[in-house]
Structure formats: structure tokens, C-alpha cells
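Atoms within a ligand are numbered from 1 in the order they appear, just like the ligands themselves.
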Amino acid sequence: MASKRALIIGITGQDGFFLTQLLLDKGYCVDGLIQPHAHDDTQNIKIFLKDYEKVRFQLHYGDLLDGGSLTRLINKLKPDEIYNLGAQSHVAKGFDVPEYTINANGLGALRCLEAIRALGLEGKTKFYQASTSEMFGNVPSPQSENSPFSPQSPYAASKLMAHNLVQIYRDAYGIFAVSGILFNHESCFRGDDFVTQKIVRGIASIKRGDIKHIELGNLDAIRDWGHAKDYVRGMWQMLQRDQPQDYILATGKGHTVRSFCEKSFGFAGIDIVWRGSGFDEVGENKKTGEAMVMINPDFFRPLDVNNLIGDASKAREELGWVCEFSFEDIISEMVEAALLPQKDYNK
Ligand code: NAP
Ligand code: GDD
């Protein structure tokens, strides 16, 4: 039987890396869309170019802002599966570039769905959309597939737009299109300016003597942190079903940013104690009294989401999805990778 072909939009991101690895291991031919500013030996995914010598792995230029590039590429490849992981994915930056965020994340998904429809690929190409727990905003946890949406940022609004369009194109045109509503997931490939990677790389810089302390914003926010490797497996499982349906992926356990900090410092051999409150709160090295974590008001968002904890019962029951990594596994992996000399963790 011929290999299945998958197109990954957003292949240079964290999830793109793990999904590529998973699909290549399953025997797929994987095509990745990269933006014009990227190089074809770009970042994490260069390892696949070396190992697969462009036989089962190829990169193509395109952009979610450019409908023609998407349509031409989808027409050329006629993929069995498209994973739309491409996005301006940083919630705080979305407040600074809201128009771009809506365009890339909301209209970008529409352009993909329209391409499938215009090319008559409704019966051939399955579509995965990267939806997010941010769409729930501050509705009470645990959030499930039945919880209402209440976006609190341009990013969340852009993702809800895409989420709604997936449902509309599925119902109106019979496209096998699904949204995975994923809660936060991390790894050593997490982007630098998300809080987990910022914390562990900050700890590594403190240990190397490059900086004295880390500056953070809202320490009280609760997130349900899983491992990206578990979550990309869930994405794939959603596309293997007979009927398209949306699923939540989450661990069901919430932790504050403060607790992530404390545990990460702990793994690096530094015990933290917290003193003060509000903007004056400080995380001190218990042994030396030195300030390790300080609050910088610039890192607070105009609106934040305080308590995201997901209920993934449906995915567990219907997909057989399981989380193999614990919170502690994620922290130890990330701290260890951050403590390695730069770039070595890419291997
Ligand atoms: P990420 O590391 O930020 O990766 C985003 C990817 O999108 C990158 O490859 C980026 O390319 C690409 N991209 C950005 N703008 C684009 C455009 N205009 N056209 C084409 N590609 C574009 O994100 P991630 O953590 O892997 O997450 C994957 C997806 O899941 C995202 O859509 C995110 O919003 C969503 N999500 C993530 C989480 C999470 O906790 N990680 C949870 C829920 C949902 P460059 O490398 O060139 O910038
Ligand atoms: N980035 C960042 N930087 N966040 C901080 C900081 C800081 O210095 N200090 C505190 N935080 C708080 C944020 O205010 C937020 O409440 C929490 O830490 C998590 O922030 P991020 O790591 O930036 O992730 P996010 O939850 O906003 O968004 C991520 O998860 C979403 C799923 O819920 C992204 O991956 C999104 O793309 C994804 O949809």
C-alpha cells in the first residue's frame, strides 16, 4: 500500500517537530509548509532533512496569509491529511498585533478549508485544526467539550473563528475537519517566550552567572501543562476516526506559574521561598537570600485567563488517548535541556 501523505502547516514550531517525528515513524510521507523567511535547514526540523534525504520529507514555501500559495501546494500534493498548526501562537503578542493574529490564525484556517473545497478534495483530504483552551477564557474549570467559549484575547478570538469555521465546513460541505482543543503542552522545543521555557532557560542563565534573576508577570495563573509528544499523538488519533469530531486534550491537573517556578528551581538544586505580595513579591534563594524571581508589570496582559484545567474524558474513552508524561517529567526534561550547552538539546 502506498504511504499516506501529510501536509503540516507550522512544521517549524514545537508541535510540528513532534508530529513530523510521529508521522515519519508511522511510514507517512511528510510535507511541511514553511514561511518565505525560513531556510530549508531551519531550526529543529533540519534533523529530518538529513535522515530522510528529502525522500519522505520535503519542505515548501507558503504562508497562511497567502491563499494562492496554500491552494497551489494542496493541489500539487493532494495530501491525505493536513495538520494546520501554523499560527501567531503567543497570546500576549496577539494584543500587540491583533490584525495579523486574526489574519494568520482565523482567516488562515479559512483559506485552507476553502482550498480543500475549491479543489474538490472533500472526500480525500482530512483536516486537523489546532484549537486551544484559551477559547474558554475564564469559564469555570474543568473545561470540557460542552463548556461555553469566552475568548479574552485577540489570539483566542482568532482561534475561535477558525474553530467555528471548521464546524461549518464539516457540516456544510462534508469535509472531514476536526478541531483538537488542546491545553498547554510543553517540551524542550517550546518557544523561548512562553513562560515554561522562559523560566527554565532563565534558571540556566542564573546558574551560568549570566543573569541574577528572572522577571515574570502573573504568578497566580493556573495552567494544565502536558507534554507535546502526548498531544501530537492525540491529533493523529483524531484523524483516524470514521467520523470527524472535536476533542479536548489535557492532563486534568492544574498548577500555578509560581509552582512551575518553584519545582523548576528545585530540579536545578535551588530551593525558593516567596516573600511579599503583588508587584513586590520576590522568589528568594532559601540558602543565600538572593532574589531569583521578581515581578515586572510589563509581563502582565491587558486581560489574562486564570484557571485552565481540562477534562479529556472523551478523548480517553473514544480515542484511547493517554498521557505518558507527568508534570515532573516535563519539568525535569526542560530543566535538563536548558542546562545543556546551547543547541545540544536539538540532537
Ligand atoms: P509554535 O511553536 O509557535 O509554532 C507555530 C508555527 O506556525 C511555526 O512553525 C510558525 O513558523 C508557523 N507560522 C506562524 N505564522 C505563520 C503564517 N503566517 N503562515 C504559515 N505558518 C506560520 O506553536 P506550537 O506550540 O507548536 O503550537 C502549534 C499550534 O497549536 C499553534 O497553532 C498554537 O496556536 C496551537 N496550540 C498550542 C498549544 C500549546 O500549548 N503549545 C495549545 C493549544 C493550541 P515560524 O517558525 O516561521 O514562525
Ligand atoms: N509568556 C509569559 N511570560 N507568560 C507569563 C509570564 C512571562 O513572563 N509571567 C507570567 N506569565 C503567565 C501568563 O500571563 C499566562 O497566564 C501563563 O503564564 C502562561 O503563559 P504562556 O506560557 O505564554 O502560555 P499561554 O497559556 O498564554 O498560551 C499557550 O497556551 C495556549 C493553550 O492554553 C500558547 O501555547 C498558546 O498558543 C496556546 O493556545
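- Taking the ring centroids of F176 and F127, they lie at or beyond the 6.0 Å cut-off.
- Side-chain N or O atoms of R56 include one that pairs as donor or acceptor with a backbone N or O of L24 at under 3.5 Å.
- Atoms of ligand 2 lying under 4.0 Å from at least one heavy atom of H90, given by number and element, are 1 (N).
- Near V91, meaning under 4.0 Å from any of its heavy atoms, are these atoms of ligand 2: 27 (O), 28 (O).
- Ligand 1 has S131 within reach: a non-hydrogen atom of the residue lies less than 4.0 Å from it.
- Of the N and O atoms on the side chains of Q240 and K126, not one donor lies less than 3.5 Å from an acceptor on the other residue.
- Contacts of H90 with ligand 1, taken as heavy-atom pairs under 4.0 Å, are absent altogether.
- Considering backbone and side-chain atoms alike, G13 places an N or O below 3.5 Å from some N or O of ligand 1.
- At a heavy-atom cutoff of 4.0 Å, ligand 2 is contacted by no atom of N306, backbone or side chain.
- Heavy-atom proximity to S133, at under 4.0 Å, picks out these atoms of ligand 2: 32 (C), 33 (O).
- The heavy atom nearest to atom 7 (C) of ligand 2, out of those in K198, R190, R258, is found in K198.
- Ligand 1 has no nitrogen or oxygen under 3.5 angstrom from a nitrogen or oxygen of L33.
- When the heavy-atom distances from atom 14 (O) of ligand 2 to N218, D304, V305 are ranked, the shortest goes to D304.
- Close approach of ligand 2 to A221 is summarised as follows: ligand atoms under 4.0 Å from at least one heavy atom of the residue are 16 (O).
- In this structure, V335 and F265 have side chains that are not in contact, with every pair of non-hydrogen atoms separated by 4.5 Å or more.
- Using cut-offs of 30° and 60° for the angle between ring planes, the Y128 and Y83 rings count as tilted.
- With a 4.0 Å cut-off on non-hydrogen atoms, Y100 touches ligand 1 through its side chain and not its backbone.
- Checked against the 6.0 Å centroid threshold, Y155 and F95 do not count as a close aromatic pair.
- Residue contact check for ligand 1: F189 places no non-hydrogen atom closer than 4.0 Å to it.
- In this structure, CD1 on I331 lies 12.5 Å from CD on E336, to the nearest 0.5 angstrom.
- With D15, D63, L249, L85 as candidates, the residue nearest to atom 31 (C) of ligand 1 on a non-hydrogen basis is L85.
- Polar contact check, L64 against ligand 1: a nitrogen or oxygen pair lies under 3.5 Å apart.
- In terms of modelled atom types and a separation under 3.5 Å, the side chain of E262 and the main chain of G283 share no donor-acceptor contact.
- Using a 4.0 Å cutoff on heavy atoms, Y155 counts as a contact of ligand 2.
- Contact annotation: for S133 versus ligand 1, there are no heavy atoms closer than 4.0 Å.
- Residue-to-ligand polar distances keep Q88 apart from ligand 1: every N/O pair is separated by 3.5 Å or more.
- Of the options I295, V195, N184, the smallest heavy-atom separation from atom 24 (O) of ligand 2 is shown by N184.
- Taking every non-hydrogen atom of T132 and a distance limit under 4.0 Å, the qualifying atoms of ligand 2 come out as 31 (C), 32 (C), 33 (O), 38 (C), 39 (O).
- Residue G217 has at least one nitrogen or oxygen atom sitting less than 3.5 Å from a nitrogen or oxygen atom of ligand 2, judged on distance alone.
- Classified by interplanar angle (parallel below 30°, tilted 30° to 60°, perpendicular above 60°), the ring pair H90/F194 is tilted.
- Of the heavy atoms in E134, none comes closer than 4.0 Å to ligand 1.
- Considering each of R190, E186, R223, the one bringing a non-hydrogen atom nearest atom 41 (N) of ligand 1 is R190.
- For Q35, every heavy-atom contact with ligand 1 shorter than 4.0 Å involves the side chain, none the backbone.
- Between Q14 and ligand 1, an N or O atom pair is found at a separation short of 3.5 Å.
- Within the cation-pi definition used here (under 6.0 Å to the ring centroid, within 45° of the axis), K229 does not qualify as a partner of F18.
- More than 12 heavy atoms of other residues, nucleotides or ligands shown are found within 6.0 angstrom of NZ on K198.
- At least one test fails for K93 against the ring of Y100: distance under 6.0 Å to the centre or angle within 45° of the axis.
- Environment of NZ in K212: sparse, with no more than 12 heavy atoms of neighbouring residues, nucleotides or ligands closer than 6.0 Å.
- Considering Y155, W225, F17, F194 only, the shortest heavy-atom separation from atom 36 (N) of ligand 1 involves Y155.
- Both the backbone and the side chain of A87 come within 4.0 Å of ligand 1, judged by heavy-atom distances.
- Ring geometry for W225 versus F260: interplanar angle of 30 to 60°, hence tilted.
- The backbone and the side chain of S89 each have at least one atom closer than 4.0 Å to an atom of ligand 2 (non-hydrogen atoms only).
- Of all the atoms in ligand 2, the ones that sit under 4.0 Å from a non-hydrogen atom of F299 are 8 (O).
- H255 and D224 are not linked by any side-chain donor-acceptor pair at a separation below 3.5 angstrom, with hydrogens and angles left out of the test.
- Residue T12 has at least one nitrogen or oxygen atom sitting less than 3.5 Å from a nitrogen or oxygen atom of ligand 1, judged on distance alone.
- Annotation: W321 is in aromatic contact with Y231 [ring centroid separation under 6.0 Å].
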